[in-house]
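This report refers to the structure that appears directly beneath it.
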Amino acid sequence: MDDRTYTADAEPGDHVTVAGWAHEIRDLGGIAFLIVRDKTGKIQVKFAKDEMDEDLVETGTNVSRESVVQVTGAVEEEPRAPTGVEVVPESVEVVAPADPELPLDPSGKVDAELPTRLDNRTLDLRRDEPKAIFEIRATVLEAVRDYFRSQNATEINTPKIVATGTEGGTELFPITYFGEEAFMNQSPQLFKQLMVGSGLERVFEIGPIFRAEEHNTPRHLNEATSIDFESAFTDHQGAMDVCEGALKAAYAAVAEECADELETLGLADEFEVPEEDFPRLSYEEAIERVNATGELDEQLVFGDDLSTEAEKALGADVGGHYFITDWPSEVKPFYIKDHDDDESLSTGFDMMHPDMELVSGGQREHRYDELVAGFEQQGLDPEAFEYYTKMFRYGMPPHAGFGLGGERLVMTMLGLDNIREAVLFPRDRQRLSP
RNA sequence: GCCCGGGUGGUGUAGUGGCCCAUCAUACAACCCUGUCACGGUUGUGACGCGGGUUCAAAUCCCGCCUCGGGCGCCA
């Protein structure tokens with residue numbers, strides 16, 4: 001089967017073997033057409049009943065839809081065929097038959113709802129639109145990886161099974177580890193920080209994170225892909241620069257390499273690579289701007305977190321990606337450093353898409369005494385994190401970084417209405433299988 | 001965690017007390033059709049999430065369960 005020809009590569013005059021799925025069979029009486037679909041597209045196979053071997057015609061026109069078929073024959077130019085060429089078959093083999101009743105219709109004549117599609121993801125991904133999303137997702141991940149490498153960062157992989165949580169706050173999935181209590185990690189935060197104090201200095205990781213929150217929204221997952229970056233000898237401004245660069249690199253790569261996929265998703269005309277610098281609004285400016293929109297019933301005051309409603313009002317007002325900086329210290333976790341000249345303000349930042357939060361980052365607290373004090377202030381036991389705090393006693397440089405939600409990046413980039421569209425097999429409150 | 005809203009053939013739907021042994025599309029089966037490209041035509045197959053209740057009468061109203069989606073909180 002290695003010598004098969006992709007349907008997109010079949011040229012008139014070629015003698016080929018194409019293999020793929022029976023997309024559709026149209027029997028017009030004396031003539032019938034079998035449409036074979038593969039990764040690259042579709043090609044029509046013609047059966048002229050009077051002129052061809054009866055068994056051949058029988059096999060070719062009685063295949064059930066979505067069966068795997070292999071067709072060998074001559075490729076002919078044919079203006080009446082959908083792609084301008086068609087295969088005149090010499091042999092047709094049903095490699096793997098499909099049951100006639102399909103749980104969803106890959107030809108797209110009848111829509112299926114998301115849960116049905118996720119239950120039958122394999123069949124769903126025979127359709128062009130979901131397939132395009134994952135081709136684009138792969139391009140996004142490749143682009144950010146290349147970008148981080150160009151920024152002299154080293155790719156790392158940190159443990160997903162851990163003894164203690166990262167920030168204490170969010171719910172963790174407990175597991176049993178050889179009889180001991182353990183958890184699925186909610187973030188590589190602490191480990192990537194340990195690495196900036198190592199000889200690697202500047203690192204990134206693209207990997208899964210696990211959060212046991214029982215939220216049920218179109219923008220949350222219980223297993224998500226986190227795109228993390230952390231660097232020694234930089235501050236929150238430097239981290240924001242890299243964050244912005246990574247996001248722009250992802251958009252640029254998709255614009256450059258995924259024209260067909262964008263076309264499939266109906267985004268060819270509207271897709272834009274952000275060119276301008278992302279505005280960096282301080283938290284204080286942000287709440288003032290939200291209040292000025294008049295969209296909210298109650299005015300925000302300093303110290304309030306931004307509600308979903310507030311985020312949307314601000315996003316609509318700004319109209320593109322932007323940062324919110326200088327958050328009040330108390331709303332950010334202990335490992336975020338406060339400003340030296342104003343301890344009530346942190347160096348934490350969020351990067352926002354007009355529709356939702358994409359990134360959270362900041363300069364980290366690298367001073368041992370302050371870090372341990374931070375643990376205590378948040379009611380956490382520094383002893384439990386000794387593996388982490390200890391390393392701050394042996395020369396931990398100033399550093400900063402961020403975490404970017406991979407699925408949210410793809411979701412906002414493509415205007416998907418549900419984050420589950422951006423994961424092959426999403427894990428959410430209701431879904432553990434497939 | 002709190003609060004809403006749903007579950008009707010394989011898939012997607014219509015149907016708010018009798019007009020429903022349930023509509024339409026697609027699928028599937030059979031037949032007809034020599035250029036389809038959502039092929040077309042004829043005939044047929046196939047469903048009210050589960051349990052209880054109200055009523056002369058329940059897909060439709062009520063209760064419980066199961067299950068799914070969404071909003072908020074929180075976050076990436």
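Protein chains get the first letters and strands the later ones, always in sequence-line order, with residue 1 at the start of each. Note that the structure is predicted; figures quoted are calculated from it, not measured.
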Problem - Near-strand residues of residues 350-358 of chain A, defined as heavy-atom separation under 4.0 angstrom from RNA chain B - result: A:E357, A:L358
Problem - Spacing of A:N62 atom CG relative to B:rC28 atom P, expressed in whole Å - result: 12 Å
Practice task
Look at all strands and tell whether A:T116 reaches a base, only sugar-phosphate, or nothing, counting heavy atoms closer than 4.0 Å.
Solution key: sugar-phosphate
Practice task
Return the value, rounded to whole Å, for the distance between atom CG of A:D124 and atom C1' of B:rU11.
Solution key: 13 Å
Problem - Residues A:K46 and A:E78 bridged, charged N to O under 4.0 Å - result: no
Problem - B:rU43 versus B:rC66 - spacing of their P atoms, nearest Å - result: 46 Å
Problem - Inter-nucleotide P distance (B:rU45, B:rG49), Å rounded - result: 22 Å
Exercise for the section: Nearest whole angstrom, please: distance from the P of B:rA76 to the CD of A:E223. Expected result: 17 Å
Completion exercise
Rounded to the nearest 0.5 Å, the CZ atom of A:F302 sits from the OG atom of A:S344 at a distance of 5.5 Å
Please list, for nucleotides 7-10 of chain B, all pairs of protein and nucleotide N/O atoms separated by less than 3.5 Å.
unit_1 : atom_1 : unit_2 : atom_2 : d
B:rG10 : O4'    : A:E101 : OE1    : 3.4
B:rG10 : O2'    : A:L102 : O      : 3.0

Handout entry: A:R149 with A:D146: basic N within carboxylate O range, under 4.0 Å
Key = no
Exercise for the section: Can you tell me the distance, in whole Å, between the CG atom of A:L172 and the P atom of B:rA76? Expected result: 13 Å
Exercise for the section: Quick one: look up who B:rC75 pairs with, Watson-Crick or G-U, both distances under 3.5 Å, and put none if it's unpaired. Expected result: none
Exercise for the section: Taking atom P in both B:rC20 and B:rC24, compute the distance separating them and give it to the nearest angstrom. Expected result: 12 Å
Practice task
In plain terms, say whether A:K131 and A:E129 are close enough for a salt bridge, that is, a side-chain N and a carboxylate O under 4.0 Å apart.
Solution key: no
Problem - Interatomic distance at P, B:rU8 relative to B:rA59, whole Å - result: 15 Å
Problem - Sidechain N-carboxylate O distance under 4.0 Å for A:K192, A:E205 - result: no
Fill in the blank from the handout: When rounded to whole Å, the CD1 to P distance for the pair A:I25 and B:rA30 reads 13 Å
Exercise for the section: Verify whether one side chain among A:Y388 and A:Q193 offers a donor that lies under 3.5 Å from an acceptor in the other. Expected result: yes
Completion exercise
note: A:E113, atom CD; B:rG12, atom P; distance rounded to Å ~ 6 Å
Protein and nucleotides 66-74 of chain B: nitrogen or oxygen contacts under 3.5 angstrom:
unit_1 : atom_1 : unit_2 : atom_2 : d
B:rC68 : OP1    : A:Q430 : O      : 3.4
B:rC68 : OP2    : A:Q430 : OE1    : 2.9
B:rG70 : OP1    : A:N418 : ND2    : 2.6
B:rG70 : N7     : A:N216 : OD1    : 3.0
B:rG73 : OP2    : A:T308 : OG1    : 2.5
B:rC74 : N3     : A:H220 : NE2    : 3.2
B:rC74 : N4     : A:R219 : NH2    : 3.3

Exercise for the section: For the pair A:R117 and A:E421, find out whether any cationic side-chain nitrogen is under 4.0 Å from an anionic carboxylate oxygen. Expected result: yes
Problem - Check ion pair A:K248-A:E276 (N to O, under 4.0 angstrom) - result: no
Exercise for the section: Using only heavy-atom distances, determine whether the side chains of A:H399 and A:Q363 contain a donor-acceptor pair under 3.5 Å. Expected result: no
Practice task
Report which part of the nucleic acid A:K46 touches: base, sugar-phosphate, or nothing (heavy-atom distance under 4.0 Å, all strands).
Solution key: base
Exercise for the section: Starting from the 5' end of RNA chain B, give me the residue, A:A224 or A:D50, whose nearest nucleotide shows up first. Expected result: A:D50
Practice task
Could you check which nucleotide pairs with B:rC56 in any of the strands shown, counting Watson-Crick or G-U wobble with both distances under 3.5 Å?
Solution key: B:rG18
Problem - B:rC24: pairing nucleotide in any strand, Watson-Crick or G-U under 3.5 angstrom - result: B:rG12
Exercise for the section: Round to a whole Å and report the spacing from CG of A:D111 to C1' of B:rC24. Expected result: 15 Å
Problem - Under 3.5 Å side-chain donor-acceptor pair for A:T234 and A:S231 - result: no
Fill in the blank from the handout: Separation of B:rG12 atom C1' from A:N120 atom CG, nearest Å, is 14 Å
Completion exercise
For nucleotides 36-42 of chain B, 5' to 3', base contacts (B), sugar-phosphate-only contacts (S) and non-contacts (-) with protein non-hydrogen atoms under 4.0 Å give BBSB---
Problem - Donor-acceptor pair (no angle test) under 3.5 Å: A:R65 side chain, B:rA27 base - result: no
Exercise for the section: Please work out if A:I209 contacts a base, only the sugar-phosphate, or nothing of the nucleic acid, heavy-atom cut-off 4.0 Å. Expected result: nothing
Problem - Distance, P atom - from B:rC32 to B:rC19, rounded to whole angstrom - result: 39 Å
Exercise for the section: Determine the interatomic distance between P on B:rA27 and the same-named atom on B:rG52; round to the nearest Å. Expected result: 38 Å
Exercise for the section: Both distances under 3.5 Å, Watson-Crick or G-U wobble: report the partner of B:rU42, or none. Expected result: B:rA30
Handout entry: Side-chain ion pair, A:D235 and A:K337, N-O less than 4.0 Å
Key = no
Fill in the blank from the handout: Residues pairing under side-chain hydrogen bond (donor to acceptor under 3.5 Å, both in side chains) where one sits in residues 83-102 of chain A, two or more places apart or in two chains, turn out to be A:H15-A:E90, A:Q44-A:E86
Completion exercise
In short, salt bridge (charged side-chain N to carboxylate O under 4.0 Å, His left out) pairs touching residues 310-335 of chain A with sequence neighbours left out are A:R289-A:D317, A:K332-A:D350
Practice task
Give a yes or no on whether a salt bridge exists between A:R280 and A:E244, defined as a side-chain N under 4.0 angstrom from a carboxylate O.
Solution key: yes
Handout entry: Ion pair check, A:D27 and A:K49, cut-off under 4.0 Å
Key = yes
Exercise for the section: Searching all strands shown, indicate the nucleotide that pairs with B:rG51 (Watson-Crick or G-U wobble; both distances under 3.5 Å). Expected result: B:rC63
Practice task
Using a heavy-atom cut-off of under 4.0 Å over every strand shown, decide if A:E66 touches base, sugar-phosphate, or nothing.
Solution key: nothing
Exercise for the section: Taking atom P in both B:rA25 and B:rC65, compute the distance separating them and give it to the nearest angstrom. Expected result: 40 Å
Handout entry: Flag, side chain of A:E365 to backbone of A:D338, donor-acceptor distance under 3.5 Å
Key = no
Practice task
Take atom P in B:rA22 and the same atom in B:rG18, then report the distance between them in whole Å.
Solution key: 15 Å
